Amino acid sequence: MNILLVGSGGREHALAWKIAASPLVTRLVAAPGNPGMAAQAELRDVSATDVDGLVALAREIAADLVVIGPESSVAAGLADALEGEQIPCFGPSAGAGQLESSKAFTKAFADRYGLPTAAYRVCESADEARAALELFEAPYVIKADGLAAGKGVTIAQDRGEAEAAIDDAFGGRFGAAGARVVVEEFLQGEIGSLFALCDGETSMLFGWAQDHKRAFDGEQGPNTGGMGTYSPAPVFTPNLVEQVRTRLVEPAFAGIAADGSPYRGVLFVELMATKAGPKLVEFNVRFGDPECQVLMLRLESDLVPYLDACAKGTLKSMPQPVWRDEPAVCVVLAAKGYPGTPAAGGEIRGLDGDLGEGAVVFHAGTRRDPDGTLRAAGGRVLNVCARGPDLRTARDRAYAAIEKIDFPDGFCRSDIGWRALGR
């Protein structure tokens, strides 16, 4: 198979690493890719939102399958354009992609199809949002309606912080994504990330993990796109998994098909395990980042047949995926200043050496100078991952690898996996 992988982050590097290991793959091209992905794929400088350019590239390489990594490509309508050209694509249509691209859409969708979620109000102005705060108690959850790279959610501890978050959104901090705001009830419980595949009709669960959203240790600081994750996560008991499947996953796939947009790809269900059962926090229409990284480390099965089956409507014939028993941990090494304005251009050394047993590094936001120097080029820069016989060993291996990386402008949390290790 010739495969085109779209995207340039840590999620896409992890997908490239796993796809390249498949005996089914003849050629893997990544667009635009990143310096780390050059070890697994040919890199082509086509933006993840350049739909015409990506369709042309897929034709040029005679792609048997296009794999969409980021949500921006979904929102741009890449899957729709590929379908028009009869090129198989792993990734949902823009219509189905509204499950991530608009939080207001998703809330209305949840109401329509009976998916359990937090109480909310959709607000079109700052005044309306401030008035909506009267309906809820602190802490308040303020969400920009559109795509904001995982940084559009504020959990405000008091009224003043909530009003500041509202003013930020309507003041243009998130661009068009903040033109509407969703004010939500704060859910008490433990958060988790579950993944499911769908080919338009048949669905299949595809792993779970637990993310760490706050920037600093002890769940302090602003929300980020994710500072680290681990899998498996003890919160996912067999009973919880079954409840998520029946209350969230299957109704979501049936509902979006009934709306005229059958889902083809992976659905990421971010949920809160509450005393009343699982409640939807949000949907994402792609693999999580950094959840994908630990899933790829734990997936024993060949990934490519599952991606291909979703694109071609043959998921019903696929066996359940096989997962390694070994836990996996991913620690995000971010540039100082993230999730605000990250320090750019810091030099990174040490990735070519032995990083220790079980360690794997995925590039998330890097660039390479003409002289070969590797530099930071984003907020989340590296994903330092490891497997181990138990969670503590996996985590220790990841942090030991970080100690060998010379990146003075970087920082990371030191407590990834704390919930599971504290049980």
Side-chain angles (χ1 to χ4, degrees), residues 4 6-7 11 47-55 58 63 65-115 117 120 122 124 143-150 152 174-180 182 194-204 206 248-270 280-288 307-315:
L4 172 60
V6 178
R11 166 184 49 230
S47 163
T49 54
D50 179 359
V51 171
D52 290 343
L54 291 168
V55 171
L65 177 67
V66 177
V67 178
I68 296 178
E71 62 275 20
S72 58
S73 303
V74 175
L78 178 56
D80 306 81
L82 290 165
E83 184 177 17
E85 297 292 325
Q86 296 185 312
I87 299 171
C89 175
F90 176 86
S93 65
Q98 290 179 94
L99 288 172
E100 177 169 4
S101 63
S102 171
K103 293 178 175 63
F105 173 90
T106 300
K107 284 297 190 180
F109 178 88
D111 286 348
R112 199 158 62 248
Y113 292 107
L115 280 60
T117 189
Y120 71 98
V122 176
E124 305 284 347
K143 295 182 176 181
D145 177 52
L147 298 177
F174 307 111
R180 279 194 300 188
V182 178
L194 180 140
F195 300 85
L197 303 180
C198 190
D199 67 357
E201 293 185 4
T202 301
S203 64
M204 174 186 291
F206 207 72
L248 291 171
V249 171
E250 291 182 352
F253 285 142
I256 204 70
D259 283 357
S261 300
Y263 199 100
R264 297 180 184 91
V266 61
L267 183 68
F268 167 7
V269 183
E270 187 173 328
L280 177 67
V281 174
E282 63 184 28
F283 285 128
N284 295 297
V285 297
R286 34 71 185 183
F287 280 110
L307 303 178
D308 197 47
C310 287
K312 296 176 181 174
T314 59
L315 194 60

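What you are looking at is a predicted structure, and each value in this text was computed from that prediction instead of being measured.
Residues Tyr263 and Val285 meet the side-chain proximity criterion, which asks for heavy atoms closer than 4.5 Å. Looking only at side-chain heavy atoms (C-beta outward), Lys312 and Pro88 come within less than 4.5 Å of each other. In this structure, Phe283 and Leu115 have side chains that are in contact, with non-hydrogen atoms separated by less than 4.5 Å. Here the side chains of Arg180 and Lys103 are not in contact, with every heavy-atom distance at 4.5 Å or above. Side chains of Val269 and Val249 form a contact here, defined as non-hydrogen atoms less than 4.5 Å apart. Within the 4.5 Å cutoff, the side chain of Leu65 has no heavy atoms near those of the Leu4 side chain. For the pair Val281 and Lys143, the minimum side-chain heavy-atom distance is below 4.5 Å. Under the 4.5 Å side-chain criterion, counting only non-hydrogen atoms from C-beta, Leu99 is in contact with Phe105.
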Using residues 68-78 as the side-chain source, report each donor-acceptor pair under 3.5 Å to any protein atom, sequence neighbours left out, with the distance given to one decimal.
from	atom 1	to	atom 2	distance (Å)
Glu71	OE1	Arg286	NE	3.2
Ser73	OG	Ala48	O	2.6

Only distances under 3.5 Å count here; give the side-chain donor-acceptor pairs of residues 252-262 to other protein atoms, sequence neighbours excluded, each with its distance to 0.1 Å.
from	atom 1	to	atom 2	distance (Å)
Asp259	OD1	Tyr113	OH	2.6
Asp259	OD2	Arg112	NH2	2.7

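When every heavy atom of Ala104 is checked against every heavy atom of Val182, the shortest pair comes out as N-CG2, 4.0 Å. Contact detail for Val266 and Phe287: the closest heavy-atom pair is CG1-N, 3.4 Å. Annotation for Ser93 and Asp80: closest pair CB-OD2, 3.4 Å, computed over non-hydrogen atoms. In plain terms, the two heavy atoms of Phe90 and Cys310 that are nearest each other are CD1-CB, 3.7 Å.
For the atom pair OG (Ser203) and CD (Glu250), the distance works out to 5.0 Å, reported to the nearest 0.5 Å.
A donor-acceptor pair is defined here as one N or O able to donate and one able to accept, closer than 3.5 Å; such a pair exists between the side chain of Asp199 and the backbone of Leu315. Thr106 places a side-chain N or O within 3.5 Å of a backbone atom of Ser102 that can act as its donor or acceptor partner. The closest donor-acceptor contact from the side chain of Thr117 to the backbone of Leu280 lies under 3.5 Å.
Around CD of Glu85, the count of heavy atoms belonging to other residues, nucleotides or ligands within 6.0 Å exceeds 12. Within 6.0 Å of CD on Glu270 lie more than 12 heavy atoms contributed by other residues, nucleotides or ligands.
For Phe206 and Phe195, the distance between ring centers is not under 6.0 angstrom.
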